[in-house]
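First the structure, in the form of structure tokens, and then the observations on it.
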Amino acid sequence: MEKTLILIKPNAIQRGLIGDIVTRFERKGLRFVGMKMLFMTDEIVNEHYAHLKNRPFFPYLKASMQAAPIIACCIEGAEAVDTVRLLVGATNSRKALPGTIRGDFSMSGEQNVVHASDSVENALIEIDRFFAPGELFDYESAVTRFEYGGEESQKFM
Ligand code: IDP
Ligand code: MG
């Protein structure tokens, strides 16, 4: 099944939102297959946000990602990358729709509580950035047949 990467950002850790964020993904029916707390080094931040390194806000973004540990999560489900981006909401939390994670938990464009991979291709690269193969878990689900229809099981699993 498709996998994607979530980072619970330092601002969410500081604000005590870990449980609320994890619950959003669990309730939806996405499965956690990897989870770890770590500090993002200069090297990892520079690599992870390489597409933004020339933007004026980059130093602020970098400091915000190193202000506390993060929790990296690998989660899976049918079309997980797109589904998770919808659950997370727009980058600027003030524009993110109510009901999305950013829309419900943040007022900021920078301190927007979570990162989520933006394409299947980037998800593969980003999962590799944070997890060694032995840190991801492939385990049997007891409820998949109640979460997906027969046709979806054929198509996505
Ligand atoms: P995304 O997180 O929704 O994929 P990106 O454009 O990849 O958005 O930006 C990565 C992160 O950089 C954002 O989540 C946010 O923390 C920060 N960021 C993006 N645009 C701005 C901005 O205009 N001002 C301040 N921070 C920004
Ligand atoms: Mg992005």
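Just so you know, ligand 1 is whichever comes first in the structure, and atom 1 is the first atom listed for that ligand. Numbers for residues simply follow the sequence, beginning at 1.
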Below a 4.0 angstrom heavy-atom separation, can you tell me which part of [X], side chain or backbone, both or neither, approaches ligand 1?
X: Asn112; answer: side chain
X: His51; answer: side chain
X: Arg102; answer: side chain
X: Asn92; answer: neither

Checklist entry - What about Phe39 and Val45, same hydrophobic cluster or not, with Ile/Leu/Val/Met/Phe/Trp/Tyr joined at side-chain heavy-atom distances under 4.5 Å? => result no
Checklist entry - ligand 1 and Lys9, any nitrogen or oxygen pair closer than 3.5 angstrom? => result yes
Checklist entry - So do the side chains of Val120 and Thr4 get within less than 4.5 Å of each other, counting heavy atoms only? => result no
Checklist entry - Got Lys9 and Ser64 here, is their nearest side-chain heavy-atom distance under 4.5 Å? => result no
Checklist outcome for this item: Within 4.0 Å of some non-hydrogen atom of Tyr49, the atoms of ligand 1 are 10 (C), 11 (C)
I'd like the name of whichever of [options] reaches closest to [atom] through any heavy atom.
atom: atom 15 (C) of ligand 1; options: Pro56, Ala96, Gly109, Ser117; result: Gly109
atom: atom 8 (O) of ligand 1; options: Thr91, Asp118, Asn11, Val114; result: Thr91
atom: atom 9 (O) of ligand 1; options: Leu61, Val113, Asn122, Leu52; result: Leu52
atom: atom 4 (O) of ligand 1; options: Gln111, Arg85, Glu110; result: Arg85

Checklist entry - Considering only the protein, which heavy-atom contact is closest to atom 23 (O) of ligand 1, and what is its distance? => result Phe57 CE2, 3.6 Å
Checklist entry - Looking at residues at least two apart in the chain, or sitting in another chain, which of them share a side-chain contact (heavy atoms from CB on, under 4.5 Å) with Asn92? => result Arg94, Lys95
Checklist entry - Do Lys53 and Asn46 have side-chain N/O donor and acceptor atoms under 3.5 Å apart? => result no
Item to check | Donor-acceptor pair between Gln66 and Asp42 side chains, under 3.5 angstrom | outcome: yes
Checklist entry - Just checking, Arg55 and Tyr60: is the charged tip under 6.0 Å from the six-membered ring centre and within 45° of the axis? => result no
Next on the checklist: Does the Lys NZ or Arg CZ of Lys36 fall within the cation-pi geometry relative to Phe130 - under 6.0 Å from the ring centre and within 45° of the axis?
Outcome noted: no
